[in-house]
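Throughout, residue positions are numbered sequentially from 1 according to the sequence presented.
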Amino acid sequence: MQSNSQSGFHLGIIMDGNGRWATRRGLPRAAGHRAGVAAVRRAVERSPELGIRVLTLSAFSSDNWARPAQEVQSIFWIIRAFLRLECERLCKQGVRLEVIGRRDRIPKPLLREIENTELATASGQSLRLRIAIDYSARTAIAHAASAAASAPQRDEALTADRMRVFLSHALTSDCGEVDLLIRTGGERRLSDFLLWESAYAELAFTDRMWPDFDGQDLETAVNDFKHRERRFGAVPNAPAASPFLVPENAS
């Protein structure tokens, strides 16, 4: 296994199945989102000892605005309560919290809680916890591309190769590419989550609903990941070929 950091790796989790978990128990969907908070706490607590240095969680995608207004409000309330109640614990654990995604559409009380928690945990060194709220990977890529197109080019053409370098720097220089991406809840798709960063991520899917996902599930997924051979398009123990190599029998 290769990782983009000697000190740990980047794990992304699509926390899916909260609503179905609740529905199967005859509970309102909001109850599933509340139950999912405990799973977040378990993942945060186990991550440093499993070698995870960055944990990015999908909490609310830009597409989730299509859900019923009451459910959306419940999700935002639950996230706000989580930040308010967990801030002290995160500080003691050395967890640095960051929120990625749009902030202009987030309710102001939640936005204040996000800013307060980010400030309070800014010195955390054991784990970077990134929570994606009102997030779309396509939008993030589009914004990075727009910034590249409008940046001073020093009379150089913005070629595809230069655009790729710019986007890679804009999207991965801070936290690196995703090494392992887990999705709970039985679905097997990325759903517009960390698309650029997950180009070479190892993927793990489980039928377990997010509220039931525990520390042992996380450890099992990480151990499986650590035994995978990541080649990034190359052949193990083989010298890299020149892109200009011409076969001997070529005329």
Side-chain angles (χ1 to χ4, degrees), residues 11-47 50 52 55-90 93 95 97 99-102 105-114 117 129-137 180-194 198 203-224:
L11 170 65
I13 303 181
I14 301 175
M15 306 181 295
D16 195 17
N18 290 333
R20 283 171 287 152
W21 181 92
T23 300
R24 292 175 182 179
R25 289 163 173 76
L27 302 172
R29 290 176 59 86
H33 297 302
R34 287 194 295 271
V37 170
V40 171
R41 186 181 300 114
R42 292 192 294 265
V44 170
E45 291 175 348
R46 290 300 307 276
S47 286
L50 293 174
I52 300 163
L55 174 62
T56 304
L57 304 176
S58 176
F60 185 87
S61 76
S62 296
D63 291 330
N64 289 153
W65 286 106
R67 296 187 177 189
Q70 185 176 2
E71 181 177 353
V72 171
Q73 293 172 2
S74 295
I75 292 173
F76 287 153
W77 185 91
I78 291 167
I79 295 174
R80 183 186 174 198
F82 168 80
L83 296 176
R84 184 173 62 252
L85 296 174
E86 295 294 313
C87 184
E88 183 177 356
R89 185 197 301 264
L90 295 177
Q93 294 176 334
V95 177
L97 180 128
V99 169
I100 61 173
R102 294 183 59 169
R105 300 188 294 190
I106 294 178
K108 285 183 172 56
L110 173 56
L111 183 59
R112 286 194 296 270
E113 206 67 55
I114 288 171
T117 307
L129 172 61
R130 303 164 77 229
I131 299 180
I133 303 175
D134 198 0
Y135 172 83
S136 160
L180 172 63
L181 180 65
I182 299 173
R183 180 168 188 152
T184 62
E187 303 293 350
R188 283 153 174 76
R189 56 177 178 266
L190 297 182
S191 297
D192 198 17
F193 181 60
L194 302 177
S198 298
L203 306 179
F205 301 104
T206 175
D207 292 334
R208 192 178 296 276
M209 301 297 172
W210 177 245
D212 293 329
F213 193 83
D214 59 23
Q216 185 57 55
D217 294 318
L218 180 60
E219 182 176 352
T220 298
V222 169
N223 287 340
D224 175 74

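- The side-chain heavy atoms of I182 and L218, taken from C-beta on, include a pair separated by under 4.5 Å.
- When all heavy atoms of A22 and G32 are compared, the closest pair comes out as CB-N, 3.5 Å.
- Using a 4.5 Å heavy-atom cutoff, the side chains of Q70 and R29 are not in contact.
- Using a 4.5 Å heavy-atom cutoff, the side chains of L11 and L50 are not in contact.
- Listed by chain and residue number, R42, Q216, D217 satisfy the side chain to side chain contact (heavy atoms under 4.5 Å, CB included) test with D214 (two or more places apart in sequence, or in another chain).
- Judged purely by distance below 3.5 Å, without hydrogens or angles, the side chains of S62 and D134 pair a donor atom with an acceptor atom.
- Contact check for E86 versus V44: no side-chain heavy atoms found under the 4.5 Å cut-off.
- Looking at H33 and S74, their side chains never come closer than 4.5 Å, going by heavy atoms from C-beta outward.
- Considering CD1 of I13 and OG of S47, their distance stands at 6.5 Å, rounded to 0.5 Å.
- With values rounded to the nearest 0.5 angstrom, R105 atom CZ is found 13.5 Å from L111 atom CG.
- Residues meeting the salt bridge (charged side-chain N to carboxylate O under 4.0 Å, His left out) test with R24, sequence neighbours left out: none.
- Rounded to the nearest 0.5 Å, atoms CG (D212) and OG1 (T206) are 10.0 Å apart.
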Derivation and outcome, side chain to side chain contact (heavy atoms under 4.5 Å, CB included), residues I114 and I133: CA-CA 10 Å; I114 288 171; I133 303 175; 4.1 Å; yes
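- Residues W210 and A43 come closest through the heavy atom pair CH2-CB, 4.3 Å.
- Annotation: F60 is not in aromatic contact with W77 [ring centroid separation under 6.0 Å not met].
- Side chain of N64 to backbone of S61: a donor-acceptor contact under 3.5 angstrom is found.
- Considering CG of L180 and CG of D224, their distance stands at 8.5 Å, rounded to 0.5 Å.
- By the neighbour-count criterion of 12 heavy atoms within 6.0 Å, atom CD of E88 is sparsely surrounded, having that number or fewer from other residues, nucleotides or ligands.
- Considering all non-hydrogen atoms of both residues, A59 and I75 come closest at O-CG2, 4.4 Å.
- Panel note: side chain T184, backbone D16; a donor-acceptor pair is recorded below 3.5 Å.
- When all heavy atoms of I78 and R34 are compared, the pair lying nearest together is CD1-CG, 3.4 Å.
- Considering only heavy atoms from C-beta on, L83 comes within 4.5 Å of L97 through its side chain.
- The CG atom of L181 lies 5.0 Å from the CD1 atom of I14; values are rounded to the nearest 0.5 Å.
- For R25 (side chain) and W21 (main-chain N/O), a donor-acceptor pair under 3.5 Å exists by modelled atom type.
- The salt bridge (Lys or Arg N to Asp or Glu O under 4.0 Å) test with D207 is passed by exactly one of R20, R183, R188: R188.
- Between the OG atom of S198 and the CG atom of L203 there is a distance of 7.5 Å, given to the nearest 0.5 Å.
- Shown here are the ring pair (Phe, Tyr, Trp, His ring centres under 6.0 Å) partners of F82, two or more places apart in sequence or in another chain: there are none.
- Using a 30° and 60° split on the angle between ring planes, Y135 and F193 fall in the perpendicular class, above 60°.
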